[in-house]
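Presented below is the structure to which this report refers.
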4 protein chains.
Amino acid sequence: MATAPTSPNALRGRPRNLAANRQILDAVRALLAERGYSALTIEGVAARAGVAKSTVYRRWTTKADLVVDAVVDTLAPLFDAHPGASPQDLLRALVDALGRPEARAAFLAVISEAAVDPVVRERAEHLLIDPSRRLVERCSATVASTVASTVDPDLLFDVVAGAVIHRVLVRGADADEAFVRGLLDLVGVPR
Amino acid sequence: MATAPTSPNALRGRPRNLAANRQILDAVRALLAERGYSALTIEGVAARAGVAKSTVYRRWTTKADLVVDAVVDTLAPLFDAHPGASPQDLLRALVDALGRPEARAAFLAVISEAAVDPVVRERAEHLLIDPSRRLVERCSATVASTVASTVDPDLLFDVVAGAVIHRVLVRGADADEAFVRGLLDLVGVPR
Amino acid sequence: MATAPTSPNALRGRPRNLAANRQILDAVRALLAERGYSALTIEGVAARAGVAKSTVYRRWTTKADLVVDAVVDTLAPLFDAHPGASPQDLLRALVDALGRPEARAAFLAVISEAAVDPVVRERAEHLLIDPSRRLVERCSATVASTVASTVDPDLLFDVVAGAVIHRVLVRGADADEAFVRGLLDLVGVPR
Amino acid sequence: MATAPTSPNALRGRPRNLAANRQILDAVRALLAERGYSALTIEGVAARAGVAKSTVYRRWTTKADLVVDAVVDTLAPLFDAHPGASPQDLLRALVDALGRPEARAAFLAVISEAAVDPVVRERAEHLLIDPSRRLVERCSATVASTVASTVDPDLLFDVVAGAVIHRVLVRGADADEAFVRGLLDLVGVPR
DNA sequence: CTATAAGCGAGACGGTACGTCTGGTCTTGTG
DNA sequence: CACAAGACCAGACGTACCGTCTCGCTTATAG
């Protein structure tokens with residue numbers, strides 16, 4: 001998960017401070033959770049991270065870029081393969097990850113920016129949407145489902161991911177076990 | 001759907017220019033579609049609307065407030081009762097409305113702000129989420145559905161609205177007739 | 001002392017509220033003493049006078065105009081003839097009048113505006129400078145001075161009025177009896 | 001005569017553009033002469049100086065501060081010691097300096113603000129009044145005057161400076177050689 | 001051991017927008 | 001007509017960040 005692009009010639013000159021990357025992304029997540037995307041400023045991030053403004057700009061070109069990486073950084077473990085995990089476990093993990101305050105503020109902000117900025121869109125698609133789609137597909141593959149295997153994969157993805165997003169992000173409601181179970185029932189995943 | 005709050009005592013002093021309301025909201029929608037939420041500025045709105053900045057601030061206190069009203073203003077007809085409309089028609093109308101460029105940029109921005117600003121949250125809930133929920137409920141009530149009537153109404157709302165939002169707003173994909181039909185099939189609405 | 005210009009046809013329609021004139025000028029003086037000229041606003045004056053903004057604008061066209069009248073209004077008694085008054089008495093009265101807080105803030109502000117705005121200059125010359133010159137000339141005429149009668153009247157005016165202004169307004173120092181006496185000695189007015 | 005305060009720690013960060021100081025003060029003087037103090041805006045100064053608004057605010061906190069420095073900047077050479085100069089020369093130089101249009105508008109503006117703002121008063125006293133007082137005292141010290149040496153120094157200062165100010169600034173009249181000679185005669189400076 | 005190269009903190013730079021305030025004008029209803 | 005009220009357009013206020021640019025200094029590799 002290469003977040004910050006490396007400098008053109010990483011072997012010459014003083015190497016970048018690796019700790020700064022983490023400090024910056026932590027600051028982004030903290031500020032996102034506290035104040036939201038539109039109140040997030042690069043200056044604020046730098047100050048919170050204890051880093052010069054130029055250090056942030058050297059690594060990320062855009063506020064949106066920075067936020068995408070901050071989000072991906074926390075969702076990454078979720079997207080990695082989880083051999084042997086049940087659909088219910090995976091869905092539960094997704095719900096938990098998106099429910100974290102910094103993810104709530106950030107995720108839809110990124111999507112909203114993506115609607116208007118093609119660069120953000122590409123990154124968001126590549127780093128957020130595609131992995132979550134693969135997650136859903138892995139689920140449906142692991143079960144001998146009667147419905148999930150017949151339904152259009154596009155629709156299945158929209159229904160499962162959409163329901164989670166709508167419940168957790170849009171409505172900000174609690175996604176309890178009943179929700180997860182009900183959703184899986186609806187798409188035909190056997191208990 | 002009274003959008004702009006009226007002045008404290010509307011009978012005293014020079015009355016507000018009613019035309020300005022429409023000019024402002026039109027400008028908001030145009031700029032949202034062109035540049036997106038985070039590039040939207042009150043100064044830009046005022047300039048585009050041909051109105052003084054103070055005229056905007058007199059009527060809306062917040063960029064988010066203004067955007068909520070701009071979105072509601074276009075979605076309002078959708079939320080009004082449509083006697084005799086089939087679920088398929090209603091869902092189709094919803095998909096079309098959300099697919100318009102200014103709605104795409106605005107809707108998720110509003111939700112994203114709502115995650116962090118309680119005032120926005122309350123307005124969004126009242127003016128956007130609740131009406132769309134009633135729309136879904138009206139649908140499920142009009143059909144003798146085998147599934148939709150047994151499934152939890154909360155879940156039904158999340159699945160239907162979520163699938164639309166995910167398809168149209170998050171993924172930015174085309175929501176064709178097959179999608180609408182497939183979604184209705186999944187929740188058990190008979191053809 | 002016609003302060004507010006009368007309306008074109010004063011006999012038709014509702015007559016002006018005469019009390020408002022005094023309320024406005026009082027408010028001007030109070031605010032001048034408290035905040036100074038550059039912090040003086042028409043809105044503030046209207047609010048303090050308990051009068052609508054338009055009532056002020058109907059009577060004065062300019063902030064400087066308004067201030068000139070406010071100052072003249074308090075200096076007027078000084079400029080009227082004082083038969084039998086000694087030069088010392090007249091000078092003392094001038095010093096006292098200019099030393100009042102609202103006069104301090106206003107007088108030089110008016111002069112400063114006058115340096116740049118011909119309309120203000122004409123009013124200031126007519127209503128402030130000329131009368132005070134006549135005051136000084138009345139003084140020198142009443143005494144059989146050895147010096148004051150031989151010195152150029154222009155210079156005499158500059159020296160007497162200038163010394164007072166410099167002591168009271170520019171330096172903001174106390175103008176005691178010794179100052180008045182010393183100044184008269186210098187220009188040759190016998191005790 | 002250090003006008004603009006230096007930054008707290010001048011050795012860190014990018015150094016200030018020294019040329020900007022002069023550009024700004026030049027702009028202030030030009031605008032003062034053209035439009036006067038109350039029409040002077042920081043935005044206008046910045047625009048005229050070809051400098052960002054923040055660059056002005058970084059160096060001066062107040063419009064009055066800025067004007068004080070602009071005035072001092074032009075009067076400074078006058079206040080420096082002029083060994084061998086006659087009182088007549090010095091007075092002539094003072095008259096000429098104050099008679100310049102930008103000085104006229106600025107000087108009275110500063111005094112007028114000083115009457116109401118203690119910070120301005122202190123700066124004006126320190127940078128304008130005290131030096132000009134020393135100038136007058138140097139004059140009276142260089143001559144074996146019969147009057148100037150017996151008269152109260154306070155009064156002498158008020159009379160000389162006051163006469164110049166009244167003639168040049170208040171009345172806006174021409175201060176010719178006769179005025180200078182007459183004033184010196186009056187206070188007893190021998191030819 | 002000394003270039004050379006890049007990172008870093010600090011902070012100034014020209015800009016843009018913020019949300020507020022005032023100026024001066026206008027448009028109502030009421031007296 | 002005058003007046004209070006308050007909306008209107010215009011534009012300055014002083015602040016906050018933007019993204020860029022110097023600085024002096026530090027920390028690496030390459031010669």
Side-chain angles (χ1 to χ4, degrees), chain A residues 7-18 20 39-47 50-59 61-63, chain B residues 7-18 20 39-47 50-59 61-63, chain C residues 7-18 20 39-46 50-59 61-63, chain D residues 7-18 20 39-47 49-59 61-63:
Chain A
S7 67
N9 191 342
L11 299 176
R12 319 228 331 159
R14 174 173 171 176
R16 291 196 178 158
N17 177 358
L18 295 179
L40 186 77
T41 68
I42 302 283
E43 298 219 332
V45 169
V51 137
K53 209 169 40 151
S54 54
T55 299
V56 180
Y57 278 110
R58 201 174 291 116
R59 303 177 190 211
T61 59
T62 290
K63 187 172 113 170
Chain B
S7 68
N9 189 344
L11 299 176
R12 317 255 286 187
R14 177 174 172 174
R16 290 199 178 156
N17 177 358
L18 295 179
L40 187 78
T41 67
I42 302 282
E43 298 219 331
V45 169
V51 137
K53 213 170 32 151
S54 54
T55 299
V56 179
Y57 279 109
R58 201 174 291 118
R59 303 177 190 212
T61 58
T62 289
K63 189 172 110 169
Chain C
S7 65
N9 190 340
L11 299 175
R12 321 223 330 155
R14 173 173 170 176
R16 288 199 180 157
N17 178 358
L18 294 180
L40 186 77
T41 68
I42 301 283
E43 298 220 333
V45 169
V51 137
K53 211 168 37 149
S54 55
T55 298
V56 179
Y57 278 109
R58 203 173 291 113
R59 301 173 191 214
T61 59
T62 290
K63 189 172 109 171
Chain D
S7 67
N9 189 344
L11 297 175
R12 317 255 284 188
R14 176 174 174 174
R16 290 195 178 161
N17 178 358
L18 295 180
L40 187 77
T41 67
I42 301 282
E43 297 219 331
V45 169
V51 136
K53 210 170 33 151
S54 52
T55 298
V56 179
Y57 279 110
R58 204 174 286 117
R59 302 176 190 210
T61 58
T62 290
K63 191 172 109 169

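Predicted, not measured: the structure shown is a model, and the values here were computed from it. A note on names: the letters A, B, ... follow the listed sequences, proteins ahead of strands, and every chain is numbered from 1.
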In whole Å, what is the span from the [atom1] atom of [X] to the [atom2] atom of [N]?
{"X": "D:Leu40", "N": "F:dG11", "atom1": "CG", "atom2": "C1'", "result": "15 Å"}
{"X": "B:Glu43", "N": "F:dC17", "atom1": "CD", "atom2": "P", "result": "17 Å"}
{"X": "C:Lys63", "N": "E:dG23", "atom1": "NZ", "atom2": "P", "result": "7 Å"}

According to a strict under-4.0 Å criterion, is [X] in side-chain N/O contact with OP1 or OP2 of [N]?
{"X": "B:Thr55", "N": "F:dA7", "result": "no"}
{"X": "B:Arg59", "N": "F:dC8", "result": "yes"}
{"X": "A:Arg58", "N": "E:dC8", "result": "yes"}
{"X": "B:Arg12", "N": "E:dG29", "result": "no"}
{"X": "B:Ser54", "N": "F:dA10", "result": "no"}

> Which comes earlier along DNA chain F counting from the 5' end, the contact point of A:Thr41 or that of D:Thr61, where each point is its nearest nucleotide?
Replying inline: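 It is D:Thr61 whose nearest nucleotide is closer to the 5' end.
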> Mapping D:Tyr57 and B:Gly50 onto DNA chain F by nearest heavy atom, which one lands closer to the 5' end?
Replying inline: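 Whichever sits nearer the 5' end wins; that is B:Gly50.
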>> Given the structure, check if the side chain of D:Arg14 and the base of E:dC13 hold any donor-acceptor pair shorter than 3.5 Å.
In response: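 Not at all, since no donor on one side and acceptor on the other fall under 3.5 Å apart.
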> Can you find an N or O donor on one side and an acceptor on the other, under 3.5 Å apart, linking the side chain of C:Lys53 with the base of E:dG24?
Replying inline: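 Under the 3.5 Å cut-off, the side chain and the base do form a donor-acceptor pair.
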>> Given 3.5 Å as the limit, does a donor-acceptor pair link the side chain of B:Lys53 with the main chain of B:Ala46, or not?
In response: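 A pair under 3.5 Å: no.
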> Between C:Gly44 and A:Leu18, who's closer to the 5' end of DNA chain E by nearest nucleotide?
Replying inline: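 Closer to the 5' end of DNA chain E: A:Leu18.
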>> As an exercise, state the distance from OG1 of D:Thr62 to CD1 of D:Ile42, rounded to the nearest 0.5 Å.
In response: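 Result: 8.0 Å between the selected atoms.
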> D:Arg16 has a side chain; which of F:dC17, E:dG14, E:dA12 sits nearest to it?
Replying inline: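 So the nucleotide nearest the side chain must be E:dA12.
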> From F:dC13, F:dA10, E:dG23, pick the nucleotide closest to the side chain of D:Ile42?
Replying inline: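 From the listed options, F:dC13 comes nearest.
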>> Could you report the tightest heavy-atom contact between D:Arg16 and D:Arg58, atom names first, then the distance?
In response: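 The pair with the smallest heavy-atom distance is NH2-O, 3.5 Å.
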